[in-house]
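What follows is a single structure, written as structure tokens, with notes after it.
Along the sequence shown, residues carry numbers from 1. Values below: every heavy atom of this structure, side chains too, minus hydrogens, waters and symmetry copies. What you are looking at is a predicted structure, and each value in this text was computed from that prediction instead of being measured.
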Amino acid sequence: MTVLRARGARLAAALALLALLGGARAHARPILLDRVAVRFIAPETGGVRSPSFIFARVLAFEARLEALSDPSRASDDPRPYLERHVRAALDRHIAETLLASSRIDPEPTADELDRQTQAAEAMLHQRVGGAAALEAAATAEGIDDREVLIVLRREARASLYLDRMVTPMLSPSDAELASLHRTVQTPYSGLPFERARDRLRRWYVSRRLSAALLAYYQNVRSRVTVTIVGDH
């Protein structure tokens, strides 16, 4: 009974606070916290009965990530992202959502999904310039840790689909990486292979995944209906 009375007291206090805040804001102008920016429909996500939505904050956050990973972006440009970054973010978001919604055989275990989520985070850090850059992009758009995790989990599951159902790409061998290090100019060409190996692996896998995502989306684009939702 003591626990029930305590819970009742907390609930009453919460309701009283909500009522107080509601009264204080009764005559204030409503504040738009977020809005749907894009709606898309695809067979993989349930068709017309189950449209998917991308919110403006999330799309802006993902556009910032695309801008941070764009080597051709002018370093003195004050804009956080350009139109091409928004388009790239939109294409990636839709492609990853479709892949993450598709059946994987065998289905990844919870541990496998956790490990790939951690790998996705490490690759994203490397792609955008570090954990601090990712945190700054999230803070700028009001994205919390839970929302970042949703992005990473989506990317992880999409990566597992590509690796298992299309072609293996998540675990290149040391021999493959050593050959790449000898023959291809990379951001780590100036380092000995032993020092470059882990960063080279993340760079290589990240590039392969990005190329696979782009190719996949080009193939399925015709059956995806994308609607830009206006700001009313």
Side-chain angles (χ1 to χ4, degrees), residues 18 21-22 25-70 72-74 77-103 117 120-121 123-124 127-128 133-162 209-232:
L18 287 173
L21 291 175
R25 296 175 180 174
H27 302 291
R29 295 182 60 187
I31 299 173
L32 181 64
L33 298 179
D34 204 354
R35 66 177 181 85
V36 172
V38 177
R39 178 177 68 248
F40 65 94
I41 297 169
E44 290 84 350
T45 54
V48 294
R49 293 181 179 273
S50 300
S52 298
F53 302 94
I54 306 176
F55 286 89
R57 286 186 308 109
V58 173
L59 185 58
F61 167 62
E62 293 173 338
R64 283 178 180 268
L65 300 183
E66 292 295 330
L68 289 169
S69 60
D70 181 0
S72 65
R73 177 171 175 260
D77 192 333
R79 293 169 294 181
Y81 50 81
L82 306 176
E83 183 178 348
R84 69 174 185 269
H85 301 131
V86 178
R87 172 54 60 183
L90 178 60
D91 289 354
R92 176 184 283 268
H93 186 118
I94 296 175
E96 287 180 348
T97 299
L98 300 188
L99 288 169
S101 301
S102 300
R103 181 174 178 270
T117 300
E121 182 178 33
M123 285 188 288
L124 183 57
R127 186 159 64 92
V128 303
L134 174 60
E135 183 177 353
T139 300
E141 300 300 341
I143 300 295
D144 61 27
D145 291 344
R146 178 186 57 84
E147 292 171 302
V148 173
L149 180 59
I150 290 172
V151 172
L152 293 173
R153 297 286 276 195
R154 185 188 72 221
E155 183 173 336
R157 187 170 174 86
S159 301
L160 287 167
Y161 179 92
L162 290 170
L209 287 172
S210 293
L213 279 171
L214 178 60
Y216 168 79
Y217 191 56
Q218 293 299 325
N219 287 332
V220 304
R221 185 190 294 271
S222 62
R223 65 173 188 263
V224 181
T225 301
V226 180
T227 303
I228 306 300
V229 180
D231 186 4
H232 301 296

Apply side chain to side chain donor-acceptor pair (under 3.5 Å) to [X] and list each qualifying residue two or more places apart in sequence or on a separate chain.
X	result
Glu62	His93, Arg154
Glu44	Arg223
Ser50	none
Ser69	Arg127

Candidate pair Phe61 and Val148, rule side chain to side chain contact (heavy atoms under 4.5 Å, CB included), full reasoning: CA-CA 9 Å; Phe61 167 62; Val148 173; 4.2 Å; yes
Rounded distance [0.5 Å steps], [atom1] in [X] versus [atom2] in [Y]:
X	Y	atom1	atom2	result
Leu99	Glu155	CG	CD	11.5 Å
Leu98	Phe40	CG	CZ	6.0 Å
Tyr216	Ser102	OH	OG	4.5 Å
Arg35	Phe55	CZ	CZ	11.0 Å
Leu124	Leu68	CG	CG	9.0 Å
Ile41	Ile94	CD1	CD1	11.5 Å

Atom CD of Gln218: over 12 foreign heavy atoms under 6.0 Å: yes
Asp145 CG: over 12 foreign heavy atoms closer than 6.0 Å: no
Considering non-hydrogen atoms only, spot the tightest contact between [X] and [Y] and give its length.
X	Y	value
Leu134	Val128	N-CG2, 4.1 Å
Asp34	Ala56	OD1-N, 3.4 Å
Ala67	Pro80	CB-O, 3.2 Å

Test side chain to side chain contact (heavy atoms under 4.5 Å, CB included) applied to [X] - qualifying residues, sequence neighbours left out:
X	value
Glu121	His125, Leu152
Arg87	Leu90, Asp91
Arg49	none
Leu209	Met123, Ser159, Leu162, Met169, Leu170, Val205

Just to verify, what does [X] make a salt bridge (charged side-chain N to carboxylate O under 4.0 Å, His left out) with, not counting sequence neighbours?
X	answer
Arg157	Glu107
Arg79	Asp77
Glu147	Arg57

Working for side-chain hydrogen bond (donor to acceptor under 3.5 Å, both in side chains), residues Arg92 and Ser210: CA-CA 8 Å; Arg92 176 184 283 268; Ser210 293; 2.8 Å; yes
Side chains of [X] and [Y] in contact at under 4.5 Å (non-hydrogen atoms):
X	Y	answer
Leu214	Tyr217	no
Phe53	Val38	no
Asp70	His85	yes

Residue pair Ile54, Thr97: steps toward the side chain to side chain contact (heavy atoms under 4.5 Å, CB included) verdict: CA-CA 10 Å; Ile54 306 176; Thr97 299; over 6 Å; no
